[in-house]
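For the single chain, residues carry numbers from 1 onward in sequence order.
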Amino acid sequence: MKISGLQVFWLMFTFETGNMILLTLSPTFQDAKQDAWISYLLAAILGILIVFVSSKAALLYPGKTLIEYSKLIFGKWLGILIVIVYLIQWYSVIGDILREFAEFTITILLPTTPMWVLVLTMLLLLIYITYSGGIEGIGRCSEVFGPIILLSVLILLILSVSIFNYKNFLPVISDTGFVPILKGTLHPLSFLGESVMMLMLLSFMDQPNKGPKRAVWGIAAASCLVSTVAIWVLLVLGPEIASGLRHPAFDAVSYITVMDFIQNLEIIAVLVWILSVFIKLSLYFFLANYGTAQLFHIKKWRKLIWVTSTFFFILAIIFPNPTYTYIFDNTYWIYFALPVNMVGIPLLLWFVGSLRKKIQANH
């Protein structure tokens with residue numbers, strides 16, 4: 001299973017775009033108000049640093065996955081502990097996104113459909129793409145879905161120009177303050193920080209040396225697009241309305257009308273999100289299965305898919321409540337996964353790994 005540099009670019013771009021647009025706008029507007037776009041730009045810079053550090057750490061041991069080289073860097077037991085920390089993230093994210101996917105689809109498209117039907121449908125798609133194609137199949141899908149997502153969002157932005165209210169931009173910074181703007185970066189940064197999966201993905205590249213550059217460009221492109229969407233939502237809805245809506249980007253699409261003929265374009269927004277969510281879930285699904293198999297020395301990792309699928313189905317169905325989502329999003333994800341999984345461990349892997357390499361080279 002090998003993926004190209006171009007596929008890494010589209011993987012980074014596609015899996016970041018949809019969920020960021022749907023889930024990070026409202027909390028960012030609540031904190032940063034009309035300066036939310038500044039929060040997104042700051043998050044973009046920090047997100048690029050995260051993916052760069054993660055790629056450089058993985059590049060120290062090309063051909064080896066995080067499960068393998070974490071033990072070489074930190075020793076067996078500490079290496080296993082680090083792997084478990086990431087497995088917890090991968091498993092919990094799949095359950096959370098499956099539930100978000102089902103709830104959003106029920107709310108917008110299929111109000112009378114039972115949640116378990118939608119969760120099962122998505123799981124069957126994940127099983128198919130992962131079992132038949134592995135990471136290579138997911139990479140090829142991203143090459144198709146990525147341009148569709150980019151073109152769809154650009155079309156929506158262009159059609160909205162006539163309803164922009166440029167006064168929503170003002171005042172800049174002075175009315176908000178720098179601390180709320182910094183706080184507003186946490187939600188988008190926690191999503192951009194998921195690019196830390198390059199710690200695993202780089203080992204599957206046919207040309208690992210291209211990994212850092214391609215991944216950085218992918219995150220930069222996704223950040224630019226989502227920052228533009230944040231500005232678009234600000235100009236259409238204003239900060240007060242946007243902060244009070246659960247999915248402000250989706251609601252902003254409903255305002256689009258051209259000559260009373262082109263309207264009701266919400267289906268394009270739904271398409272963008274579903275395509276992006278499918279790639280994101282597929283990546284996490286592959287990493288969870290492949291990583292677990294490597295940790296427990298299971299040679300035929302695809303056999304594990306049937307066991308983990310049952311677990312993910314139960315996780316998505318049993319915990320569909322606001323309390324679980326609040327704890328996951330505002331406690332574990334922001335205050336543990338972001339500083340530990342996305343910043344701390346990649347920096348340690350890069351620093352200690354580089355040190356070990358230099359010591360070995362001198363001997």
Indicate yes or no for a side-chain donor-acceptor contact from [X] to the backbone of [Y] under 3.5 Å, with no hydrogens or angles considered.
X      : Y      : value
Ser276 : Gly18  : yes
Arg356 : Ile73  : yes
Asn165 : Val236 : no
Ser254 : Phe250 : no
Thr14  : Leu11  : no
Gln30  : Ser243 : yes
Tyr69  : Leu199 : yes
Asn289 : Phe285 : yes
Ser39  : Ile181 : yes
Ser195 : Leu192 : yes

Could you check, using the six-membered ring where one of them is a Trp, whether [X] and [Y] have ring centers closer than 6.0 angstrom?
X      : Y      : answer
Tyr86  : Tyr91  : no
Phe13  : Trp10  : yes
Tyr290 : Trp301 : yes
Phe311 : Trp306 : no

Straight-line distance of [X] [atom1] to [Y] [atom2], nearest 0.5 Å:
X      : Y      : atom1 : atom2 : value
Leu338 : Phe191 : CG    : CZ    : 11.5 Å
Leu295 : Ile84  : CG    : CD1   : 6.0 Å
Thr17  : Leu22  : OG1   : CG    : 12.5 Å
Leu6   : Ser142 : CG    : OG    : 8.0 Å
Met205 : Met198 : CE    : CE    : 6.0 Å

Over all heavy atoms of both residues, which pair between [X] and [Y] is shortest? Give the atoms and the distance, please.
X      : Y      : answer
Gln34  : Asn168 : CB-O, 3.4 Å
Leu349 : Leu60  : O-CD1, 4.0 Å
Pro248 : Val233 : CB-CG1, 3.9 Å
Ala316 : Leu98  : CB-CB, 3.8 Å
Ser223 : Ala44  : CB-CB, 3.3 Å
Ala249 : Ile21  : CB-CG2, 3.6 Å

Does [X] have more than 12 heavy atoms from other residues, nucleotides or ligands lying within 6.0 Å of its [atom1]?
X      : atom1 : result
Lys71  : NZ    : yes
Phe164 : CZ    : yes
Tyr166 : OH    : yes
Lys2   : NZ    : yes
Arg140 : CZ    : no

In the structure I gave you, are the side-chain heavy atoms of [X] and [Y] within less than 4.5 Å of one another anywhere?
X      : Y      : answer
Val51  : Val196 : no
Cys141 : Ile129 : yes
Met115 : Val119 : yes
Leu23  : His247 : yes
Tyr40  : Thr28  : yes
Met20  : Pro188 : yes
Ser282 : Phe286 : no
Leu283 : Leu201 : yes

For this session: Determine, stepwise, if the pair Trp273 / Asn19 fulfils side-chain hydrogen bond (donor to acceptor under 3.5 Å, both in side chains).
Result: CA-CA 7 Å; Trp273 184 69; Asn19 255 28; 2.9 Å; yes
Same cluster or not: [X] versus [Y], using hydrophobic residues (I, L, V, M, F, W, Y) connected whenever any side-chain heavy atoms lie under 4.5 Å apart?
X      : Y      : result
Val117 : Leu120 : yes
Val340 : Tyr332 : yes
Val161 : Leu237 : yes
Ile135 : Tyr128 : no
Ile45  : Met342 : no

Exercise. Taking it one step at a time, do Ser160 and Trp232 satisfy side chain to side chain contact (heavy atoms under 4.5 Å, CB included)?
Worked result: CA-CA 8 Å; Ser160 306; Trp232 166 63; 2.8 Å; yes
Exercise. Could you go step by step and tell me if Glu136 and Phe204 meet the side chain to side chain contact (heavy atoms under 4.5 Å, CB included) rule?
Worked result: CA-CA 9 Å; Glu136 191 174 340; Phe204 297 101; over 6 Å; no
Problem set entry | Derivation of the side chain to side chain contact (heavy atoms under 4.5 Å, CB included) call for Glu266 and Ile108 | CA-CA 9 Å; Glu266 292 91 335; Ile108 302 301; 5.7 Å; no
For this session: Take Trp37 and Ser227 through the test side-chain hydrogen bond (donor to acceptor under 3.5 Å, both in side chains) and record every step on the way to the result.
Result: CA-CA 6 Å; Trp37 60 277; Ser227 299; over 6 Å; no
Exercise. Ion pair present between Lys280 and Glu194, side-chain N to carboxylate O less than 4.0 angstrom?
Worked result: yes
Problem set entry | Phe15/Met197 under side chain to side chain contact (heavy atoms under 4.5 Å, CB included): CA gap, chis, key distance, verdict | CA-CA 11 Å; Phe15 98 91; Met197 63 173 60; 3.9 Å; yes
For this session: Measure from NZ or CZ of Lys357 to the centre of the six-membered ring of Tyr61 and say whether it is under 6.0 Å with the direction within 45° of the ring axis.
Result: yes
